[in-house]
*Asks:* 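Handing you this structure, nothing more for now.
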Amino acid sequence: MGSFWKPGSERPTYRPSVAFRGDEEFPLGLFEDSSHLSIEKRRHKHPIYKHRHELLYLVKAHAVTVVIGETGCGKTTQLPQYLSEAGWAEGGRLIACTQPRRIAAQTVALRVAEEMGVSVGAEVGYSIRFEEVTTPGKTRIKFLTDGVLIREMMADPLLSKYSVIMVDEAHERSVTTDVLLGLLKKIQKRRPELRVIIASATMDATNVAAFFDTSAEKFKASAAKESLPDRTPGMISVEGRSHSVRVHYSIEPVPSYLLASVSTTLSIHKLEPPGDILLFLTGQDDVDAAVQLLTTEAEQLPRKSTGLVVLPLYAGLSRADQELVFRPAPQGRRKVIVSTNIAETSVTIPGIVYVIDSGFSKQRFYNPLTDVDALVVAPISRASAEQRAGRAGRMRPGKCFRLYSEDTYCNDMKAETIPEIQRSNLVSTVLQLKALGIDNIMRFDWLAPPSSEAMIRALELLFAIGVLDTDAKLTPLGHQVAEFPLEPMMAKMLLSSNSYSCSPEAVTIAAMLSVQSIWVSSKGRQKELDDARDSFAVVEGDHVTYLNVYESFLRAKQSPQWCHQHLINYQAMKTVVDVRKQLSRLLQQLGFSLKSCDGDTKCILKAVTAGFFAHAAELEPSGDSYKLVRGGQRMYIHPSSVLFRTTPKWVVFHSVMVTERMYMREVAVTDSDWLFEVAPHYFDRRRRSHTLG
DNA sequence: TTGTGGTGT
């Protein structure tokens, strides 16, 4: 990768004192225009309409149809309508269209309902977590998140109410998409008449088509074989509605993508016609640093009227701060959005004409040998680079400046991002598959198989927490755990809370830990944030602290102002309220009573320990680090924990994240006696090597 | 000893 720094090496430094005025440091002349690699497109008014007959023919003739077409070509909004008109939703059967994101499922449903002139929830509906807007017997087209469809399979393993299932945005290759595709292939063996449509923007379609090509397999169909669809997938490509994007590469590798991105932004501002700029960096740190540098520069620009409006964008921002990026810049000014990967797929900002691509993103990597998740800055794939470039061509022809050379693009970058399933801890996925009756996980037909080490790790943990038996079959507890939309250890904590009479408290803790961040992130307010957190802190650790935050939120009558005052994310707290309701209902359905422990925190800690004993760690004699019972790695309490700077002898934690060190995040105090009490089978074996107590 | 790419049930 030329002079790019690699994950694990020292981060590139920047000097905020560097002046970019004059922009000689990185003028646009240092980019080369590579027109043969430009994304050349023409704008069509109704691209998918032209292919309507061919599409309908393919779906009728083939069990699987792969549709390649970028966002905006109409495959999501119009194809389900064509299918419905062609009679695929008759006889009470539905057409399903899955989306990776809640908001997409909802907005697409609203748009299609509007186009069809019906009200949403009638002929066209959607189903996302906490919100089912459909009418049984009336709804013909249903948009849903792929996670919801997998949940539906628990009650209806063959998805018998659907005649067609379209999996949209399959190129994103989320864990749920990959699992769903494997499951659909399996379902089609039992339901050869089920039609599957895989819709994707830029995916390597031949790969997916090959996966679904079952034409060579022996096929036992007693019914009229002639009426069954061809088991060789059909394929069609639909041109998009976006404009051409001219791609420019850096002639030389850049020594610092952060510095280069700042000077490139200033060069574009100086030399290019009006149009907003989207800059892709890796994380909150980078984004905040670039915003600061650009803001300083913007203030020094000669005329205020042609100034820059610089805005950060990342998931940790409050909803209000995120929404600022949608506001048009004041007349005559140019907007610059400095963003993480959130702008690559999740947030679409109108009016972007220029994209600057650093070539990097943060990616999660799970190491099954150490059982640790790491978040590392890594080079993006060519597919990801194309996706980023495409963000410049939604309004009119645009330009993309890549802060890496054409040689790097062609020779060093991977064609596709490694599918998430191969970078993830599989505990939840394996349990889900087990609950769906997939007995042999190792032989599940994966589109991209995860490593056997990762699968074995997951099976080991599920066995340790009593969810699987020695034959790797679900235990009665396992069936209950699988009912919950939670990580298995968290669900185990919840189910154990009944024995300790603290279920309402455990429900709150599970809900609080389910949302990404309760605290708002905001640059330069770290001290304030620490103080806000410390005002709720208790000696029992982060779990009971979260309980304290939630109960204070209730006492404050769920007030947004109160949240703002305490640097708490109001949206996140509203989600916690919804999750609590869902979890409480599930517990009650299983016949558990929701009996409170009335402030007896020992009960709460025992319940937490019962769920997370496999994440127990003991203070090392040195007194500054911990040793993980399972694996023996050295770990540290994360600085964001209320237990940072304290040294309880035993702790259990929710998750580990590696940066420079291995950090335990969300840590609770525990006790060696409790560990024995909740998991004698687990600790007895290790007694000799880990003398508890 | 010091810090959270993005989704979702």
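This structure is a prediction, so every number in the text was calculated from the model and none was measured. Below, read A as the first sequence line, B as the second, and so on, with proteins coming before strands; counting in each chain starts at 1.
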*Asks:* Going by an N to O cut-off under 4.0 Å, is there a salt bridge joining A:E487 and A:K492?
*Replies:*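 Salt bridge absent between A:E487 and A:K492.
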
*Asks:* Under a 4.0 Å N-O cut-off, is there an ion pair linking A:K142 with A:E152?
*Replies:*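 Salt bridge: yes.
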
*Asks:* Going 5' to 3' along DNA chain B, which nucleotides are the first and last within contact of chain A (any atom under 4.0 Å from a heavy atom)?
*Replies:*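 For DNA chain B, the relevant span reads B:dT1 to B:dT9.
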
*Asks:* Looking at every strand, decide which applies to A:I637 at a 4.0 Å heavy-atom threshold: base, sugar-phosphate, or nothing.
*Replies:*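 Since no nucleic acid heavy atom lies under 4.0 Å of A:I637, the category is nothing.
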
*Asks:* Looking at A:D531 and A:K527, is there a salt bridge between them, counting it only when a charged N and a carboxylate O are closer than 4.0 Å?
*Replies:*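 Yes, charged N to carboxylate O under 4.0 Å.
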
*Asks:* Identify whether any heavy atom of A:D578 sits under 4.0 Å from a base atom; if not, whether one sits that close to sugar-phosphate; answer base, sugar-phosphate or nothing.
*Replies:*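 Since no nucleic acid heavy atom lies under 4.0 Å of A:D578, the category is nothing.
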
*Asks:* For A:E172, answer base if it contacts any base atom (sugar-phosphate contacts may also be present), sugar-phosphate if it contacts only those atoms, and nothing otherwise; contact means non-hydrogen atoms under 4.0 Å.
*Replies:*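 Answer is nothing: A:E172 stays at 4.0 Å or more from every strand.
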
*Asks:* Contact class for A:S517 vs. all strands (heavy atom < 4.0 Å): base, sugar-phosphate, or nothing?
*Replies:*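 Nothing, no nucleic acid heavy atom in range.
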
*Asks:* Taking ring-ring contact (aromatic ring centres under 6.0 Å, His included) as the test, write out the residues that go with A:W446, two or more places apart.
*Replies:*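 ring-ring contact (aromatic ring centres under 6.0 Å, His included) list for A:W446, sorted by chain: A:F444.
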
*Asks:* Assign A:I342 to base, sugar-phosphate, or nothing according to its heavy-atom contacts below 4.0 angstrom with the strands shown.
*Replies:*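 Sugar-phosphate: the residue A:I342, judged by heavy atoms under 4.0 Å, touches backbone atoms but no base.
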
*Asks:* Heavy atoms only, 4.0 Å cut-off, all strands: where does A:S346 land among base, sugar-phosphate and nothing?
*Replies:*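 A:S346: backbone/sugar contact only, no base atoms under 4.0 Å.
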
*Asks:* Contact class for A:Y663 (heavy atom, under 4.0 Å): base, sugar-phosphate, or nothing?
*Replies:*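 If one applies the 4.0 Å heavy-atom cut-off, A:Y663 turns out to touch the sugar-phosphate alone, with no base involved.
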
*Asks:* Using the ring centroid of each side chain, check whether A:H566 and A:F536 are separated by less than 6.0 Å.
*Replies:*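 Ring centroids of A:H566 and A:F536 are less than 6.0 Å from each other.
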
*Asks:* Looking across every strand, which nucleic acid part, if any, lies under 4.0 Å from A:T145 by heavy atom: base, sugar-phosphate, or nothing?
*Replies:*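 Sugar-phosphate, no base atom in range.
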
*Asks:* State yes or no: are the ring centers of A:F653 and A:F612 separated by less than 6.0 Å?
*Replies:*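 Between A:F653 and A:F612, the centre distance exceeds or equals 6.0 Å.
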
*Asks:* Could you tell me whether A:R102 contacts a base, only the sugar-phosphate backbone, or nothing, with contacts defined as non-hydrogen atoms closer than 4.0 Å?
*Replies:*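 Sugar-phosphate contact only.
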
*Asks:* Any salt bridge linking A:E344 with A:K362? Criterion: basic side-chain nitrogen under 4.0 Å from a carboxylate oxygen.
*Replies:*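 Salt bridge flag = no for A:K362 with A:E344.
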
*Asks:* How do A:T345 and A:D530 order along DNA chain B: which one's closest nucleotide is nearer the 5' end?
*Replies:*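 Looking at the nearest nucleotide for each, A:D530 comes out on the 5' side.
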
*Asks:* What does A:R101 touch in the nucleic acid at a heavy-atom separation under 4.0 angstrom: a base, only the sugar-phosphate, or nothing?
*Replies:*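 Sugar-phosphate contact only - A:R101 comes under 4.0 Å of backbone atoms but never of a base.
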
